[in-house]
Amino acid sequence: MLQAKLKVMLKAMCLASLTLLSAVISHASFANQEENRDRVFLEQRQLSIRGAADYPEIAPLLNAFIKRFPNIKVDYQELGTRRLYERFIAGEFTKVDLITSSAMDLQIKLINDGYAQSYRSAQTSALPDWASWRNELFGFTYEPAVIAYNHDFISHNSSILTPDLQSREHMLEYIRENSERIKGKIGTFDIEKVGLGYLLWSHDSQQSTSYGRVLESFGIHDVRLYPSSASMLQALADNEIAIAYNLLGSYAKSWSKKYPQIKVVLPTDYTMAIMRTAFIPKTAPDPEVAKVFLDFLISEEGQRILAEQSNLFPINESVRKKYLESSFNISNSTTTRPISLGLKLLVLSDEMKRKIILDEWSRALIKPEKGSPLK
């Protein structure tokens, strides 16, 4: 009996020792990563990134990284979300160190199909559980999908004195009451070509009781289709369209500063929230450089640079609270519906599911040329 108790005690002591040793090794590993950074990059290195973020928005972060690590040359190329995914699976990015995109479903599919390598550090471990997946995919921004409108057009071309576009219902009411004026004046993503557009539209179909009416209304009123948030906002600023639906809040906020006629709405019925995510491909030629950049990207310093010097919304909650306007801080909003990382997103990338959504889309809308009105 005594021997049995001693064995149990010894086993418990061994387990405790192993746990402590594991923690010490893990801590040492993180410390070594910090210590090795400057030593690793005494010689010239190259970091190759392919991403969907507009270069002017990501440039402040890239410049800060280059200043911190002057021996690293950064090659950043911007692509649309769907094009980025297609070129990756076609094998065109075997010499790329990091992939970033806001099309969360496509990123999850790439991870699930085994294209990423695992990485764990003090920085990645500090991310909330909902902002990382399998230690392979990491969120670095968190932002709303918004409605933007040209205030000059809306206020001067309305059958009501004070048009209110604060929700989808209000938007539909305005469209209905100004049917002839608004024809050809609504813009949204081409969801067949834009991965983010498809992600947002498919989630609309699950979340919104007004989804069917929005789709029908867009078809009746000759919606225009665009390849990016920036192209939609340019059309809004140029008075080509009056309403832009489901575009990224970071870009809308940036453009509204330059063009006061552009007003931005976080829909009060619900506001979808998405993340930009990053992963290191298994074929990355210099994964160590990619790891250092990834840590910098999600560190408090990197997140502060995003908040202060760009219009991308940092994922770090304390940085977000300090630097974002309260109207854009969606963390505690009861109407926010975040899209979380996880296997549920694989349903959206399933070819059968995608075909159902695109067929429904095509039946309601006749596919136009890029940015041109439907006929």
Side-chain angles (χ1 to χ4, degrees), residues 26 29-53 55 57-79 81 84-85 87-89 91-104 106-127 131-141 275-303 305-306 310 312 314-316 341:
S26 178
S29 175
F30 292 156
N32 286 339
Q33 288 166 4
E34 298 293 327
E35 291 172 4
N36 286 338
R37 282 183 178 180
D38 293 328
R39 187 169 68 230
V40 167
F41 306 119
L42 291 177
E43 73 275 13
Q44 194 73 37
R45 305 287 278 269
Q46 171 142 337
L47 171 66
S48 179
I49 305 172
R50 298 295 176 269
Y55 180 76
E57 298 296 345
I58 200 70
L61 182 94
L62 299 178
N63 292 335
F65 179 77
I66 292 168
K67 186 175 181 180
R68 173 96 174 264
F69 301 99
N71 285 340
I72 300 177
K73 180 181 178 183
V74 177
D75 168 32
Y76 178 88
Q77 290 187 26
E78 171 192 333
L79 298 94
T81 49
L84 179 67
Y85 169 79
R87 289 185 62 182
F88 185 94
I89 60 174
E92 296 183 30
F93 294 152
T94 56
K95 295 183 179 180
V96 172
D97 300 300
L98 197 74
I99 299 291
T100 72
S101 175
S102 53
M104 298 165 61
L106 298 181
Q107 293 281 83
I108 283 285
K109 180 166 174 53
L110 291 175
I111 303 304
N112 195 63
D113 289 347
Y115 286 108
Q117 58 179 279
S118 179
Y119 176 53
R120 186 169 179 264
S121 70
Q123 297 296 345
T124 64
S125 298
L127 284 170
S132 65
W133 194 54
R134 298 198 328 197
N135 289 323
E136 294 177 349
L137 186 64
F138 309 97
F140 63 93
T141 71
M275 283 178 276
R276 297 176 194 272
T277 60
F279 72 89
I280 304 169
K282 280 187 174 176
T283 57
D286 199 339
E288 291 307 313
V289 172
K291 290 171 183 177
V292 170
F293 179 82
L294 184 60
D295 278 344
F296 183 77
L297 176 61
I298 59 181
S299 69
E300 186 164 343
E301 180 185 357
Q303 294 280 288
I305 290 166
L306 289 181
S310 80
L312 300 181
I315 202 165
N316 183 295
L341 294 175

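Computed from a predicted structure; not experimentally measured.
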Gap between atom CG of Leu98 and atom CG of Leu297 - 0.5 Å precision: 7.5 Å
Check: Phe88 ring centroid to Phe279 ring centroid under 6.0 Å: yes
Min side-chain heavy-atom separation Ile99-Pro281 under 4.5 Å: yes
Minimal non-hydrogen separation, Phe138 against Ser132, with atom names: CD2-CB, 3.9 Å
Expected output: side-chain Asn63 to main-chain Ala59 donor-acceptor under 3.5 Å: yes
Point-to-point distance, once rounded to the nearest 0.5 Å, from CG of Leu62 to CD1 of Ile72: 11.5 Å
Value rounded to 0.5 Å, distance of CG in Leu106 from CG in Leu84: 8.5 Å
Sidechain N-carboxylate O distance under 4.0 Å for Lys95, Asp286: no
For the student: nearest non-hydrogen atoms of Ile280 and Lys291, plus distance: CD1-CG, 3.6 Å
Shortest non-hydrogen contact from Ala103 toward Ser101: N-OG, 3.0 Å
Main-chain N/O of Leu137 paired to Thr277 side chain as donor or acceptor, under 3.5 Å: no
Spatial distance of atom CD (Gln107) from atom OG1 (Thr100) [nearest 0.5 Å]: 7.5 Å
Minimum-distance pair of heavy atoms, taken over all atoms of Ser121 and Asp295: OG-OD1, 2.6 Å
Any Phe65 side-chain heavy atom under 4.5 Å of Leu47 side chain: yes
Sub-4.5 Å side-chain heavy-atom contact between Ser102 and Thr81: yes
CD (Glu92) with more than 12 external heavy atoms under 6.0 Å: yes
Contact check, side chains of Glu136 and Thr124, non-hydrogen atoms, under 4.5 Å: no
Under 3.5 Å: donor-acceptor pair, side chain of Gln303, backbone of Phe140: yes
Atom pair CG/OG of Asn135 and Ser125 - distance to nearest 0.5 Å: 6.5 Å
Arg68/Glu301 ion pair, N-O < 4.0 Å: yes
Donor-acceptor contact present, side-chain Arg134 to main-chain Ile111, <3.5 Å: yes
Test item: Asp75 and Gln46 side chains (from C-beta on) under 4.5 Å apart, heavy atoms: yes
Heavy-atom pair of closest approach, residues Gln44 and Asn71: NE2-O, 3.1 Å
Any side-chain heavy-atom pair of Asp97 and Val289 under 4.5 Å: no
Sub-4.5 Å side-chain heavy-atom contact between Ser310 and Ile305: no
Expected output: side-chain Glu78 to main-chain Tyr55 donor-acceptor under 3.5 Å: yes
Phe296 side chain near Leu61 side chain, heavy-atom distance below 4.5 Å: yes
